Amino acid sequence: EISWNLMIAGCVRHGHSEEALRLLSEMQGMNMKEDKFIFASVLSACSALAALEQGRQVHARIITSGINWDVFLGSSLLDMYAKCGRMDDAVEVFESMPERDDYMWTALITGYVNCGSIEDAYRIFGRIPEQNVVSWNAMISGHVKNGQDEEALTLYCKMQRAGIRADKVTLASVISACVGIKALEQGKQIHAHISKTNCVFDIVVGSALTDMYAKCGSTEHACQLFDEMPERDRISWNTMITVYASCGRISDARRVFDEMQEKN
RNA sequence: UUGGAUGGCCUG
């Protein structure tokens with residue numbers, strides 16, 4: 001029944017993972033048969049909640065349902081184990097899949113990164129037949145998550161030398177690396193590079209740059225960037241309020257805060 | 001028009 005699929009997928013997309021799992025139980029209580037779309041969605045919900053036990057139950061149900069594995073199901077399952085910190089199970093899923101794709105490789109990398117095993121992440125990265133921008137991003141942000149900002153920036157250089165074009169995910173990560181080591185000059189260079197090659201006005205990249213300028217001591221650049229941004233979201237507002245608040249410009253912080261209230 | 005991986009602030 002297609003509307004169950006739509007409801008469950010909708011819940012997961014909007015971050016209502018618990019509701020998605022509740023709908024699954026309801027469906028199962030009515031003896032309705034799940035399909036591979038449902039399974040992939042609810043596995044994604046389990047990943048978001050790091051709900052290992054429910055993920056395992058879904059895994060068992062997939063097997064008993066006799067559904068054929070595909071790369072969507074396989075990577076969803078792998079990602080569930082990885083997000084639950086069960087890298088042994090994640091690897092077992094990976095090894096048992098008849099077909100592998102980029103999503104599975106990246107899920108493994110991220111799993112190791114989140115366990116703090118950057119060496120294992122690199123080992124996986126090196127085994128990928130053809131690294132794409134997402135696998136590079138996973139390694140770069142992996143360094144940042146582990147407090148290795150210099151290494152993140154070094155890897156970003158290597159990525160460029162390998163001829164992989166940075167996307168907004170790459171840029172947000174390397175800008176964040178600049179913040180960690182207060183590398184204003186390097187941050188400015190990245191900003192200049194973005195102006196030539198990418199869209200400076202992506203809200204995430206823009207907020208990352210705003211934060212970078214402020215934390216590297218250039219409040220005026222931060223304000224200017226924020227004013228130039230064509231859109232705002234919760235995080236960009238919060239970034240700007242924090243910029244002012246942390247340098248003692250309380251009335252400016254208040255002004256931005258009020259502006260935020262008006263526009264929402 | 002149904003499913004999967006990597007990104008920014010604050011809490012830290």
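Any value given below was found using the heavy atoms of this structure, including those in side chains, with hydrogens, waters and symmetry copies removed. Keep in mind it's a predicted model, so treat the numbers as computed, not measured. Note on naming: letters A, B, ... go to the chains in the order of the sequence lines (proteins, then strands), and numbering restarts at 1 for each one.
Within the 4.0 angstrom heavy-atom criterion, base atoms lie near Ile203(A). Looking at heavy-atom distances under 4.0 Å, Ser76(A) makes contact with sugar-phosphate atoms alone, never a base. Among the protein residues, Ala208(A) comes within range of the sugar-phosphate backbone only, with heavy atoms under 4.0 Å from sugar or phosphate atoms but none that close to a base.
With distances taken from any side-chain atom of Ser75(A) to the nucleotides C9(B), A5(B), G4(B), the minimum falls on G4(B). Of the candidate nucleotides C9(B), A5(B), G3(B), G3(B) has the atom lying nearest to any side-chain atom of Ser41(A). When the nucleotides G7(B), G8(B), U2(B) are ranked by their closest atom to the side chain of Lys145(A), G7(B) comes out on top.
Rounded to a whole Å, the CG atom of Leu155(A) is 15 Å from the C1' atom of G7(B). Computed from coordinates, the Asn132(A) CG to G4(B) C1' distance equals 14 Å when rounded to whole Å. Atoms CD1 (Ile235(A)) and P (U11(B)) sit 13 Å apart, rounded to a whole Å.
Proximity of Lys215(A) to the phosphate of G8(B): no side-chain N or O atom is located under 4.0 Å from OP1 or OP2. In this structure, Arg13(A) reaches the G3(B) phosphate: one of its side-chain N or O atoms is under 4.0 Å from OP1 or OP2.
Stacking of Arg232(A) on the aromatic ring of Phe226(A) is recorded, both the 6.0 Å distance cut-off and the 45° axial limit being met.
The base of G8(B) sits with one of its N or O atoms less than 3.5 Å from a complementary donor or acceptor on the side chain of Asp233(A). Residue Ser173(A) places no side-chain atom within donor-acceptor reach of the base of G7(B), judged by atom type and a 3.5 Å distance cut-off alone. Contact annotation: side chain of Ser207(A) to base of G8(B), donor-acceptor pair present below 3.5 Å. The base of G4(B) lies outside donor-acceptor range of the side chain of Asp70(A), with no N or O pair under 3.5 Å. Looking at Asp35(A), its side chain has no donor and acceptor atom pair within 3.5 Å of the base of G3(B).
Not a single donor-acceptor pair under 3.5 Å links the side chain of Asp79(A) to the backbone N or O of Ser75(A).
Considering CG of Leu171(A) and NE2 of His191(A), their distance stands at 11.0 Å, rounded to 0.5 Å.
Under the stacking definition used here (centres under 5.5 Å, planes under 30°), the residue Phe72(A) fails to qualify as stacked on the base of G4(B).
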